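Just below is one structure, and these are the notes that go with it.
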4 protein chains.
Amino acid sequence: MTDRQDRSHTRIEKILDAAVEIFSRKGYRDSGVDDIVVESQTSKGGIYFHFPNKQAIFLTLLDRMANLLHSRAEEALNAEPDLLKKGDALLLNMLKTFGSHRRLTQLFLVEALGAGHEFNDKIMELHGRFSTLVQSYLDELVKAGVVAPINSQVASIAWFGAVNETVTRWILTGQPVNLEDAYPTLRLLLRRGVGLN
Amino acid sequence: MTDRQDRSHTRIEKILDAAVEIFSRKGYRDSGVDDIVVESQTSKGGIYFHFPNKQAIFLTLLDRMANLLHSRAEEALNAEPDLLKKGDALLLNMLKTFGSHRRLTQLFLVEALGAGHEFNDKIMELHGRFSTLVQSYLDELVKAGVVAPINSQVASIAWFGAVNETVTRWILTGQPVNLEDAYPTLRLLLRRGVGLN
Amino acid sequence: MTDRQDRSHTRIEKILDAAVEIFSRKGYRDSGVDDIVVESQTSKGGIYFHFPNKQAIFLTLLDRMANLLHSRAEEALNAEPDLLKKGDALLLNMLKTFGSHRRLTQLFLVEALGAGHEFNDKIMELHGRFSTLVQSYLDELVKAGVVAPINSQVASIAWFGAVNETVTRWILTGQPVNLEDAYPTLRLLLRRGVGLN
Amino acid sequence: MTDRQDRSHTRIEKILDAAVEIFSRKGYRDSGVDDIVVESQTSKGGIYFHFPNKQAIFLTLLDRMANLLHSRAEEALNAEPDLLKKGDALLLNMLKTFGSHRRLTQLFLVEALGAGHEFNDKIMELHGRFSTLVQSYLDELVKAGVVAPINSQVASIAWFGAVNETVTRWILTGQPVNLEDAYPTLRLLLRRGVGLN
DNA sequence: AATGAATGAGAGTTCATTCAT
DNA sequence: CATGAATGAACTCTCATTCAT
């Protein structure tokens, strides 16, 4: 039983690993299920035994990345006791997480848009999870009286967008070589933007 | 002669108009050339007479939007004599231009990223044209001594990203109803971010 | 021993019962072995332990129906001592048997023909068993001098076809509601056709 | 224009001819569109340009056969002025038509059942067209007073079934070699069955 | 005996592109 | 210039069958 589950688990991981590789290399639409078959050294039937369709594989990866990012982000926020530094911690952590999962990040920020309009809602939901996190933080800052009231929703979207574009450019052009190099400038910009310092 | 050019011009315009409609409605990959044939009331052969392939139609539209946006942006910058207000003018102008060309904007900011890896270079080039514009402005501010030195490249990318995410969300979710409603908050954020006021 | 046989017997019966249900509901070709797995609450391996392949399951059902029908038919013929009434008894009995085994009948008369060319020989063999029965009866009638000589082979095929079409229509359209309602007319037709009365 | 129509017409005919050949040789379900491509010396895209799917090709053939059979049947009935002989004319004509279109007949009487349950209604409709023809004739006989009242619906279905089974057997076993050899016996049977002579 | 994960050949269908007219 | 019939490679997905456990 446990044996079977293990094997099944392993197989699913192999498929997902291969899918990340293929999707990020060729893009969602240009990736064939056959490519994943070859990369994962499994079989078509095997893949369709574990996933109902190609979309489901992609969605699984998207959710994984979102969960990873989200849990890391929350950890970072919780680990930093100083309210004024939580934002910096969040930013640095996101850059680190994105930077150390290049391919998953690519699926998350780039390829998802090419998977078809059915994914649009999903994308906005995922983006929303992070801007909401930022928004909560901004609201806390306001409530604590350390920054002046602001439209925290628009601000958090802009905050996420600034990071998003930086990371996207890193993915598509390789610039900057180390994503974290963007940290000092982004930190300054975002802190001052919301009115800290 | 002129007649022919006119007819040709008209035909090309009909195709491009149809393409905007179709691409923004279904996404680049889910749009068939046949869809454009129907929408433009032309023919398969007609389209392939004027464009070498589907990609070229999309690239033409992308360039159009980029040119439109760029010329409007430069106009806005030139029309505003006050250096400190040029940034606000640029921002407002971009929101207005995006807001009044919903579908082209969608192609520019959403569909292009998902259209496949062949478009990646083009996208970065187009995004780059705008962040470069911003970057030049930031450099001017620094040179004029009104803001402290900053990594203007990273900052301009972040600036563009903030706008980008706001507009993208507007396109995909319809929020905010009027894109320009985001202006005050974005203005405040971006001004303060680079160190103005 | 007996226990094992019983369990096996039960298992095989469960599979066959499920197969009748599935095959008659979806047709032979549109029925998946997985459908039978679910319906029978067994497993893929279990089915392939008891049957070499999908075809064999279907053939088993076909033979069952043929045997059932054949034994009933012989009983009916034997139970009726009056030679002139044997034909009527056979007809009534067939309508009753078909009418009380709707799904098996469907496999026998409808699905089998459409199951593919591999089944053609089998079908003709099964149909033949019944027309041969009729043929023997006709030959007896001729030998007894109660009807004039006739090509009993062609006649028996026609006889079976008349019943077949009536039953098929009942299966596919539900008309007549009670299959036996067709008896009086069919009886008259078939009796007179071969020259009785 | 006419040129194009001609070519198109020719192409469609080539596809349909190939489809008859393939469907009757391998059965509907065991025939691949690729088989038709090869047989017709066209291309997959070409086939799907003219037909929306595989089913449509089959339906077209079914309708063709039905129309052919129906028009021939009506001609035969009209050509025979003697009411008492119309039935014989119809029977002979059907045997001749079936006999001279072996493959189309096979699709009509055998393969259609294997195309899936979606075809069941169609099949009954087609069979119905012929039994209705017979039914009208029987009603005329009754009205003319030459035969005693009878349930003409059941009788016509039985009539068609007798022919159907005979023809089906001819198709599947090749017996009798000449389908028309069955005529004398069938004629006798069916005439006497309804009460003629 | 029984299970269900795994296989892979093959299915129908799509669609960017070509080209004879 | 314009047309639309034709092409064929490529796609996602299915399913009877196998086999390690």
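Quantities reported herein were computed from a predicted structural model and do not represent experimental measurements. Numbered from 1 within each chain, the chains take letters A, B, ... in sequence-line order.
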Please give, in whole Å, the distance from E:dC15 C1' to B:Y28 OH? 12 Å
Check this one for me: any side-chain N or O of A:R11 less than 4.0 Å away from OP1 or OP2 of E:dA6? yes
Across all strands, who's sitting opposite E:dA1 as a Watson-Crick or G-U wobble pair, both distances under 3.5 Å? none
What is the distance, rounded to the nearest whole Å, between atom NZ of C:K54 and atom C1' of F:dT18? 17 Å
Among F:dG8, E:dA5, F:dA16, the one nearest A:F49 by side-chain distance: E:dA5
Between D:S43 and A:D34, the residue closer to the 5' end of DNA chain F by nearest nucleotide is D:S43
Should A:H50 and A:I15 count as side-chain neighbours, where that means a heavy-atom distance under 4.5 Å? yes
So if I take every side-chain heavy atom of A:K44 and compare against E:dT17, F:dG8, E:dG8, which nucleotide ends up nearest? E:dG8
Residue mapping more 5' on DNA chain F - nearest nucleotide basis, C:G45 or A:D35: A:D35
Pick base, sugar-phosphate or nothing for D:N53, based on heavy-atom distances below 4.0 Å to the nucleic acid. sugar-phosphate
Calculate the interatomic distance between B:F58 atom CZ and E:dA16 atom P; express it in whole Å. 14 Å
A:K54 to A:F23, cation-pi by 6.0 Å centre distance and 45° axis angle: no
Any base atoms under 4.0 Å from B:G32, or only sugar-phosphate, or nothing? Heavy atoms, all strands. sugar-phosphate
Nearest whole Å is fine: how far is E:dA1 P from C:H50 NE2? 7 Å
I need the CD1-C1' distance between A:I47 and F:dC11, as an integer number of Å. 14 Å
Could you tell me the separation between the CD atom of C:Q55 and the C1' atom of F:dT17, rounded to a whole number of Å? 13 Å
Could you tell me how far apart D:F23 (CZ) and E:dG12 (C1') are, to the nearest whole angstrom? 12 Å
Gap between atom CD1 of D:I12 and atom CD1 of D:I57 - 0.5 Å precision: 10.5 Å
Going by purine N1 to pyrimidine N3 plus the second Watson-Crick contact, or the G-U wobble pair, all under 3.5 Å, which nucleotide sits opposite E:dA9? F:dT14
If you round to the nearest 0.5 Å, how far is CZ of D:F119 from CG of D:L113? 11.0 Å
Phosphate oxygens OP1/OP2 of E:dT14: is one of them under 4.0 Å from a side-chain N or O of D:Y48? no
Expressed in angstrom and rounded to an integer, what is the separation of B:I36 atom CD1 from E:dT17 atom P? 11 Å
Pick base, sugar-phosphate or nothing for B:G46, based on heavy-atom distances below 4.0 Å to the nucleic acid. base
Given DNA chain E, 5'-ward residue of the pair C:T42 and B:V33, judged by closest heavy atom: C:T42
Drop me the distance from D:K122's NZ to D:Q55's CD, to the nearest 0.5 angstrom. 11.0 Å
